[in-house]
Student: 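Here it is, the structure, as structure tokens.
Since the structure is predicted, the reported quantities are computational estimates derived from the model, not experimental observations. Both backbone and side-chain heavy atoms feed into the values below; hydrogens, waters and symmetry mates do not. One-based numbering, in listed order, for ligands and for the atoms of each.
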Amino acid sequence: LRFLVCCLLFLESSVYATIVSHDGRAITIDGNRRVLLSGSIHYPRSTPEMWPDLIGKGKEGGLDAIETYVFWNVHEPTRRQYDFSGNLDLIRFLKTIQDQKLYGVLRIGPYVCAEWNYGGFPVWLHNMPAMEFRTTNKAFMNEMQNFTTMIVNMVKKEKLFASQGGPIILAQIENEYGNVIGSYGEAGKSYIQWCANMAQSLDVGVPWIMCQQDDAPQPMLNTCNGYYCDNFQPNNANTPKMWTENWTGWYQNWGGKNPHRTTEDVAFAVARFFQRGGTFQNYYMYHGGTNFDRTAGGPYITTSYDYDAPLDEYGNLNQPKYGHLKQLHDVLHSMEKTLTYGNVSTIDFGNFVSATIYKTEEGSSCFFGNVNETSDATINFQGETYIVPTWSVSILPDCKTEVYNTAKINTQTSVMIKKPNEAEDEPINLKWLWKPENIDNFLLKGKGESTMKQLFDQKIVSNDQSDYLWYMTTLNLKEEDPVLGENMSLRINSTAHVLHAFVNGQHVGNYHAENGKFHYVFEQEAKFNPGDNVISLLSITVGLPNYGAFFENVPAGITGPVFIIGKNDDETIVKDLSTHKWSYKTGLSGFENQLFSSESPSKWSGDSVPFNRTMTWYKTTFKAPLGSESVVVDLLGLGKGTAWINGNNIGRYWPAFLSTEDGCSTECNYRGAYYAEKCQTNCGEPTQRWYHVPRSFLNPKGDNILVLFEEIGGNPSFVNFQTVGVGGVCANVYEKNVLELSCNGRPISAIKFASFGNPRGKCGSFEKGTCEASKDVVNILSAECVGKEKCSVNVSTEKFGVPECDGATRSLAVEALC
Ligand code: GAL
């Protein structure tokens with residue numbers, strides 16, 4: 001019997017064990033070459049309550065796999081003290097992927113970049129003796145190996161690698177080191193070899209990847225990152241062509257605009273990649289999410305990490321991007337065998353137009369690509385004529401019928417709208433309490449926790465335990481000191497992202513760096529007296545750098561020198577205070593006293609709530625918006641600070657920081673190569689006005705608490721909560737396709753516009769064209785759709801009648817209200 005049980009167990013495990021291998025054509029899982037579509041969802045950028053929905057939408061959207069980085073700094077905030085709780089529960093996230101029967105791609109790094117604070121490195125690591133990052137430094141390699149091994153062991157323990165029957169098919173070590181390797185000389189080459197050996201020694205049983213590493217040592221697989229990767233060739237004939245980061249949009253900086261990448265162009269890039277032999281493609285990001293708390297990198301990455309991804313920051317479908325890509329995934333999957341086993345041939349039609357044919361004994365599949373930026377192509381292929389629009393790829397799974405073209409979107413566009421909180425009347429109902437941040441000790445006494453006769457980098461003093469660091473010194477001036485006079489100033493050479501300066505308790509000014517110009521000189525008039533003068537400087541970081549060779553050494557804080565300057569007659573007297581005795585204090589007392597916590601016993605005042613007061617805490621209670629739509633808080637009117645909902649830190653806010661005026665366009669041409677500045681919106685507006693409040697942070701019944709720490713001064717009386725949902729939907733669907741409309745769980749209330757023929761314009765401003773079908777299209781659609789949560793209708797002449805459009809491509813344009 002024992003023998004039998006043992007054999008049965010053995011049989012069972014061998015049935016479920018998944019073997020992942022690869023050859024020049026593809027990643028092979030259980031003996032089958034695969035076309036793998038994957039999407040990045042970073043677990044700490046949402047909440048565990050959101051994970052099943054996000055991952056489920058990924059599956060529904062046609063993904064095979066979910067990718068995530070692992071974020072070292074939040075897991076090991078203090079050396080050898082670990083945190084995997086709440087939204088840091090990596091294992092729970094991976095198991096959610098497994099529950100949905102998707103594959104996982106685990107990019108451990110542990111350097112991750114990712115617009116994440118310090119690229120995912122803990123700051124204590126930087127402060128270890130003789131430390132140098134990402135090179136053959138003993139201390140660094142030791143810590144990197146320690147963390148990587150720990151993660152691998154955690155994952156192994158739960159049997160989550162495919163080699164153990166789990167979902168994870170690929171693991172990554174390092175991240176885009178090839179982009180910076182040149183700066184590290186010979187050591188860089190040894191380091192990458194060490195990374196490869198170290199990773200390999202962990203014996204995960206699935207292939208390791210190294211992205212943007214064209215000298216990746218075998219058996220590491222080198223992969224491509226970028227907006228387009230069709231030209232990419234891996235460095236080994238046995239490495240399949242893989243794309244780890246297809247950027248679906250771009251990130252935002254404080255002061256920057258809101259980037260968009262068109263659906264047509266993302267689809268074009270994907271189709272082009274598969275046309276040219278790609279087999280694994282990952283969207284970075286599929287869901288961008290939110291940089292809660294102090295996780296945003298930088299400097300100056302915003303709290304929203306929406307990324308214009310197929311799922312928006314809150315997890316809603318970003319349509320048409322989500323749907324148009326889903327259709328593409330379905331078509332590619334239908335051709336999986338042909339693409340990964342077929343013989344490949346190409347026909348070059350000239351003028352950047354080509355056909356690629358994948359042929360097996362069972363059949364052929366074709367791609368027609370037109371990479372021309374200005375002209376449509378008409379081609380003859382096997383006796384038929386085809387039109388391939390500018391900057392697009394057509395896919396013909398049987399080489400006869402075009403079933404997909406990247407530039408022809410048949411998916412609805414959803415217009416997202418924000419609605420007021422129906423649970424109460426806001427902002428009127430929000431009663432504010434306030435409390436000053438207690439800074440008197442620092443302003444008047446200049447006393448901190450430690451003193452040094454030197455100006456230190458903020459990272460070194462505060463280990464990044466807080467955004468805030470006080471630099472304070474007391475300067476004794478004799479009556480006869482020649483620097484004294486009417487005309488005096490304080491001059492600070494600073495790399496503080498934001499700076500507040502006080503002299504003898506008086507606020508002499510504040511400054512925030514322009515994005516990219518973090519090294520500046522701040523000079524303000526100030527009054528100094530004979531006797532003791534207390535100079536208190538508050539330096540504030542807004543995300544530590546995350547990218548570039550040696551980014552860890554980019555200075556933060558007040559690195560000096562600091563001068564006081566007196567101008568008398570035509571003489572200028574300069575005193576350098578840099579080697580004075582400086583007193584340091586990390587953090588602010590309101591944070592230490594946890595004023596943001598719902599349990600905080602502190603007394604707040606409801607009397608004469610001040611506006612535009614620096615360093616002020618505000619608090620109010622509110623009712624959670626009804627229903628299940630995503631919730632945001634509108635912080636227009638406030639300056640800069642941090643917000644908490646029921647004690648949960650929802651991130652830094654800074655609505656006072658406006659985006660610059662130039663560089664936006666209402667029209668966005670998808671034709672031609674994309675770059676981050678190409679299609680921006682939000683010029684001259686607050687960089688970020690709305691902040692995500694995950695539903696799980698709210699008490700659906702009863703009171704909820706919002707706490708704000710306002711640093712530069714603002715007015716909370718406009719603050720209000722809103723829900724985000726689909727307000728209306730539009731579509732312009734080509735004949736012989738299916739129109740699908742959905743209001744995301746709410747009924748369609750009316751058909752505002754509909755025309756079958758050659759309608760013009762875009763969503764919100766459709767117009768009838770020169771021809772139109774005979775039947776009453778609005779009536780037909782109203783009957784099919786109004787009152788329903790979704791409807792689907794064949795776009796055909798049988799349904800709507802025949803429009804008299806000679807030669808025009810016929811389509812049905814619809815605008816519906818939700
Ligand atoms: C890549 C990097 C990612 C992310 C991306 C931009 O260079 O690997 O982590 O930072 O750029 O969003």
Side-chain angles (χ1 to χ4, degrees), residues 38-45 66-74 105-121 133-134 170-183 192 195 208-214 216 220-229 232 242-254 256-261 266 269 280-291 295-311 313 515-516 543-549 551-552 554 674-678 680:
S38 170
S40 293
I41 302 178
H42 295 157
Y43 53 99
R45 285 177 156 143
I66 303 295
E67 178 276 341
T68 185
Y69 281 129
V70 179
F71 300 87
W72 185 1
N73 63 330
V74 285
V105 176
L106 190 65
R107 300 210 288 162
I108 302 179
Y111 163 67
V112 298
C113 193
E115 290 70 71
W116 191 261
N117 193 40
Y118 219 34
F121 283 129
F133 285 7
R134 304 176 81 195
L170 296 166
Q172 179 179 301
I173 195 76
E174 250 293 340
N175 190 73
E176 294 192 332
Y177 192 69
N179 292 1
V180 295
I181 191 169
S183 310
I192 215 64
C195 289
W208 283 96
I209 55 180
M210 280 187 171
C211 61
Q212 294 287 89
Q213 194 71 49
D214 56 21
M220 302 289 113
L221 308 180
N222 72 318
T223 67
C224 180
N225 292 347
Y227 292 118
Y228 308 93
C229 277
F232 168 70
M242 296 164 70
W243 188 0
T244 29
E245 291 182 23
N246 176 5
W247 301 321
T248 52
W250 202 238
Y251 57 83
Q252 217 183 344
N253 296 299
W254 297 113
K257 282 143 285 220
N258 205 347
H260 300 279
R261 185 177 179 199
V266 180
F280 169 95
Q281 186 270 159
N282 176 68
Y283 297 100
Y284 187 100
M285 301 297 293
Y286 196 74
H287 170 254
T290 309
N291 293 314
T295 59
Y300 276 9
I301 301 294
T302 54
T303 296
S304 169
Y305 196 62
D306 179 87
Y307 222 91
D308 199 19
L311 299 177
E313 175 176 7
N515 185 24
L544 296 177
N546 54 267
Y547 183 74
F551 73 82
E552 70 274 21
V554 173
Y674 179 73
Y675 48 93
E677 297 76 29
K678 191 174 177 184
Q680 305 184 117

Student: May I ask you to check if the distance between the SG atoms of C224 and C211 is under 2.5 Å?
Tutor: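 A disulfide is absent here, as the SG pair of C224 and C211 is separated by 2.5 Å or more.
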Student: Would you say the ring centers of F232 and W243 fall short of 6.0 Å from each other?
Tutor: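 No: the rings miss the under 6.0 Å criterion.
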Student: Quick check for students: name every N or O atom pair between ligand 1 and the protein closer than 3.5 Å, with distances.
Tutor:
{"from": "ligand 1", "atom 1": "7 (O)", "to": "E176", "atom 2": "OE1", "distance (Å)": "2.4"}
{"from": "ligand 1", "atom 1": "7 (O)", "to": "E176", "atom 2": "OE2", "distance (Å)": "2.9"}
{"from": "ligand 1", "atom 1": "8 (O)", "to": "Y69", "atom 2": "OH", "distance (Å)": "3.3"}
{"from": "ligand 1", "atom 1": "8 (O)", "to": "N175", "atom 2": "ND2", "distance (Å)": "2.9"}
{"from": "ligand 1", "atom 1": "8 (O)", "to": "E176", "atom 2": "OE1", "distance (Å)": "3.3"}
{"from": "ligand 1", "atom 1": "8 (O)", "to": "E176", "atom 2": "OE2", "distance (Å)": "3.4"}
{"from": "ligand 1", "atom 1": "8 (O)", "to": "E245", "atom 2": "OE1", "distance (Å)": "3.3"}
{"from": "ligand 1", "atom 1": "8 (O)", "to": "E245", "atom 2": "OE2", "distance (Å)": "2.8"}
{"from": "ligand 1", "atom 1": "9 (O)", "to": "Y69", "atom 2": "OH", "distance (Å)": "2.8"}
{"from": "ligand 1", "atom 1": "9 (O)", "to": "V112", "atom 2": "O", "distance (Å)": "3.0"}
{"from": "ligand 1", "atom 1": "9 (O)", "to": "A114", "atom 2": "N", "distance (Å)": "2.8"}
{"from": "ligand 1", "atom 1": "10 (O)", "to": "A114", "atom 2": "N", "distance (Å)": "3.2"}
{"from": "ligand 1", "atom 1": "10 (O)", "to": "E115", "atom 2": "OE1", "distance (Å)": "3.4"}
{"from": "ligand 1", "atom 1": "10 (O)", "to": "E115", "atom 2": "OE2", "distance (Å)": "2.6"}
{"from": "ligand 1", "atom 1": "12 (O)", "to": "E115", "atom 2": "OE1", "distance (Å)": "2.6"}
{"from": "ligand 1", "atom 1": "12 (O)", "to": "E115", "atom 2": "OE2", "distance (Å)": "3.4"}
{"from": "ligand 1", "atom 1": "12 (O)", "to": "Y307", "atom 2": "OH", "distance (Å)": "2.5"}

Student: Please identify each residue that fulfils disulfide (SG to SG under 2.5 Å) with C113, with sequence neighbours left out.
Tutor: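 With neighbours one apart ignored, the set is empty.
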Student: Tell me, which pairs form a salt bridge (charged side-chain N to carboxylate O under 4.0 Å, His left out) where one or both residues lie in residues 170-181, sequence neighbours left out?
Tutor: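 Qualifying pairs, neighbours excluded: R134-E174.
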Student: Of all residues at least two apart in sequence or in a different chain, which pass the disulfide (SG to SG under 2.5 Å) check with C195?
Tutor: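 Residues passing disulfide (SG to SG under 2.5 Å) with C195: none at all.
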Student: Give, for atom CZ of F280 and atom OG1 of T244, the distance between the pair rounded to the nearest 0.5 Å.
Tutor: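 Reported to 0.5 Å precision, the distance equals 7.0 Å.
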